[in-house]
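Pasting in a structure now, in structure tokens, and then I'll have a few things to ask.
In this text, all values refer to a predicted model and were calculated from it rather than measured experimentally.
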Amino acid sequence: MRLFSWLKAKHLTDIKPKCRICYCSTTTFPAVSQHKIPSQNIHITRKELSKLLHQRPPKSQLKQIHAQILTQALSSTAAFVNSLIHCYLHIMEFTSARLLFFHYPLPSPPILIWNLIIRTYCKLQNSSESFSLFRLLLNLDPLIRVHPDEYTFTFIVTSCAHQRSIVHGKIVHGLVVKNGLESNLYVGNSLINMYAVFKITDDAYKVFDKMTERDVFSWTSLVCGYANNGEMDQACEIFYKMPQRNDVSWAVIISGFAGNGRYMEVLVCLNEMFCAVEDKVRPNEAVLVCALSACANLGALEQGNWIHAYIMRNDILCSSNISTALIDMYAKCGRIDCARLIFNRIPRPDVHNFTSMISGLSYHGLGEDSLTVFNMMLDKKVNPNEVTIIGVLNACSHSGLVEEGSSIFYNMETLWGLKPQIEHYGCYVDLLGRAGYLEKALEVVKSMQIKPDIVIWRALLSACRIHRNIFLGNSIIDFIKQLNSAGPSGSEVLLSNLYASLGNWEKVSEVRKAMGQRKTQSDIGCSWIEVNGVVHEFRVADKLHPQILEVLDKLNELWIVLS
DNA sequence: AGAATAGTAC
């Protein structure tokens, strides 16, 4: 910092050139002579320049230093070019970095510089530029050839993990083996991670197995692979075999349970984490978010409350993720008042905070309030995302706000650039159907550019049931039956409910029978409720709960009162 | 110069 104030003292900040390099009017590069360098009377020594570059200066200062390098004819000194590229990449200024890179003083940039530029593109995640550069590197003229090293492969493998398909990954893995780098710790770890991302656990394990040296990254990535692929038993096995676990390892196993809908185990695991003194870990943000989400899905208010208290007690920063998860937890556990309290305390709520508040209000049937929050969000110039719109449409659906919902659905693309996805169609069809606009709903389904899925048909069918539309219901049943052959779904329950509401008991038993034959344990619906901090689970025709007889008695009692 | 984790909807 002091060096820059010194620069200012020398009026360097007053330089206002125009071109990319020195801001003069010429754009030719790198011929220094063509640039009219301003402030030529100022001279900074080489040592000072390299010291300045070493500090990774912000863009404005960097341009001035670059201008100095050009005036002093240092632009073909590799050390300076390297530093400049490094600095430009640091601030993600690709245009300048590429210019320097592609006009590198002969013969060609050293591997370090290749790695730096590939690494920066790798960080962009959705860019394939790192591959283009890697390809260029492999095809260099033999006279100026530089060879990829373990760094290059670490970045390239990581880039492969960001791609949509494993194709590149497989090829790169081949090159890794060819270059004898498979057992390198970093390369190996990034390979495990890549296979974990693509849920190819066998290959992740093979890499893990072949590694001569492993660290907590290798183990955690492998656990992550199994968890991503739903193989929680294997994930646990590896997890407990780990020589040491850190907070991320715990986050991986806990998020694995959460991602696979095994919310009870999330809480069990959290408890275990608190007991695991040997790991010397405390739950990090990811763990807390997963645990809160598990509480939300279980309706476990008491545990949720406890986690909230833990966060407060330990002065853990209530980040956007945490507050979003808290709002969701309180809303789903029936405490919309607490959810509102959390939300109102956020100084500057972001999309995620708004979205969880909007959705929370929606499933409490508070459609008007939900729209109020949505409008507040628009007033504060916070743009909604796809999930926000789903929340708002659901709010309209549950409160019969057809006009408001329609206007949001039809304008989402023009107003916020959000193209309606199948989920949005699902919500909208549900909105129309519930409100009794069955014909209109069917019209929307027919006009859809995306192929309607089971959710859409189910929403329509559900509407037919509510409004007892036998004719439309029957025609939809045929579609549902066809789709059903593709995979299991809850639509059969709806189908049987529809037949039931039409009084067609013969058909009801037929559907139920077919369901009974195919159903496996995991398909059976399940309900939870938390009473005094204990979560009770109920399944269809449950006989396992210790107090099932009392529960059934109470149900009968209620049944009599209600009818 | 390097590798691992998280929320909101359906």
Stacking check: are the rings of Tyr151(A) and dG2(B) less than 5.5 Å apart at their centres and under 30 degrees in tilt?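 Aromatic stack with dG2(B) present for Tyr151(A).
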Counting only non-hydrogen atoms, which of residues 334-349 of chain A are less than 4.0 Å from DNA chain B?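 Result for residues 334-349 of chain A: none.
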Minimum-distance nucleotide to His86(A) side chain [options: dA1(B), dA4(B), dT8(B)]: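 Taking heavy atoms from C-beta onward, the closest nucleotide is dA1(B).
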From the options dG2(B), dT5(B), dC10(B), select the nucleotide whose nearest atom is closest to the side chain of Asn394(A).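 Among dG2(B), dT5(B), dC10(B), the one nearest the side chain of Asn394(A) is dC10(B).
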Proximal nucleotide (of dA4(B), dT8(B), dA6(B)) relative to the Glu285(A) side chain: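 The answer is dA6(B), which lies nearest to the side chain.
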Measure from the side chain of Ser255(A), starting at C-beta and using heavy atoms only, and say which of dT5(B), dC10(B), dA3(B) lies closest.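 From the listed options, dT5(B) comes nearest.
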Can we say Lys206(A) and Asp203(A) salt-bridge, meaning some charged N sits less than 4.0 Å from an Asp/Glu carboxylate O?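 So Lys206(A) pairs with Asp203(A) through a salt bridge.
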Side chain of Tyr186(A) - closest among dG2(B), dA6(B), dA9(B):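 The answer is dG2(B), which lies nearest to the side chain.
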With no angle test and no hydrogens, is the base of dA6(B) tied to the side chain of Asn284(A) by a donor-acceptor pair under 3.5 Å?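 Such a pair does not exist between side chain and base.
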Report which part of the nucleic acid Val248(A) touches: base, sugar-phosphate, or nothing (heavy-atom distance under 4.0 Å, all strands).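 The answer is base, as Val248(A) lies within the cut-off (heavy atoms under 4.0 Å) of a base atom.
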How about Tyr226(A) and Tyr205(A): are their ring centres within less than 6.0 Å of each other?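 Between Tyr205(A) and Tyr226(A), which both carry aromatic rings, the centre distance is not below 6.0 Å.
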Taking the six-membered ring of Trp114(A), is NZ or CZ of Arg145(A) closer than 6.0 Å to its centre and within 45° of its axis?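 Arg145(A) over Trp114(A) ring: no.
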Out of dT8(B), dG2(B), dC10(B), which nucleotide sits closest to the side chain of Glu423(A)?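 Looking only at side-chain atoms, Glu423(A) lies closest to dC10(B).
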Of the listed nucleotides (dT5(B), dC10(B), dT8(B)), which one gets closest to any side-chain atom of Val387(A)?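 Among dT5(B), dC10(B), dT8(B), the one nearest the side chain of Val387(A) is dT8(B).
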Examine Phe354(A) together with Phe374(A) and report whether their ring centres are nearer than 6.0 Å.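 No.
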Out of dA3(B), dT5(B), dA1(B), whichever nucleotide has its closest atom nearest the side chain of Asp149(A):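 Closest nucleotide to the Asp149(A) side chain: dA1(B).
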Checking all strands, does Asn228(A) fall into the base, sugar-phosphate, or nothing category for heavy-atom contacts under 4.0 angstrom?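 Touches nothing.
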Between the side chain of Thr152(A) and the main-chain N/O of Asn115(A), is any donor-acceptor distance below 3.5 Å?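 Not confirmed, Thr152(A) side chain does not pair with Asn115(A) backbone.
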Side-chain N or O of Tyr425(A) less than 4.0 angstrom from OP1 or OP2 on dC10(B)?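 Result: no.
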Does Lys332(A) have a side-chain nitrogen or oxygen under 4.0 Å from the phosphate oxygens OP1 or OP2 of dA9(B)?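 Checking Lys332(A) against dA9(B): at least one side-chain N or O falls below 4.0 Å of OP1 or OP2.
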Test the Arg119(A)-Tyr151(A) pair against the cation-pi criterion, namely NZ or CZ under 6.0 angstrom from the six-membered ring centroid and within 45° of the ring axis.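 Checked: cation-pi criterion not met.
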Over all strands shown, is Thr158(A) touching base, sugar-phosphate only, or nothing at heavy-atom distances under 4.0 angstrom?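 Contact class for Thr158(A): sugar-phosphate only.
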Would you mind telling me which of dA3(B), dG2(B), dA6(B) lies closest to the side-chain atoms of Cys290(A)?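 Nearest listed nucleotide: dA6(B).
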Under 4.0 angstrom between Asn193(A) side-chain N/O and dA3(B) OP1 or OP2: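 No, because none of the side-chain N or O atoms of Asn193(A) sits under 4.0 Å from OP1 or OP2 of dA3(B).
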Quick one: which of dT5(B), dA6(B), dT8(B) gets closest to the side chain of Asn321(A)?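 Nearest to the side chain of Asn321(A) among the choices is dA6(B).
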Ile113(A) CD1 - dG2(B) P separation (whole Å):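 In whole Å, dG2(B) P lies 14 Å from Ile113(A) CD1.
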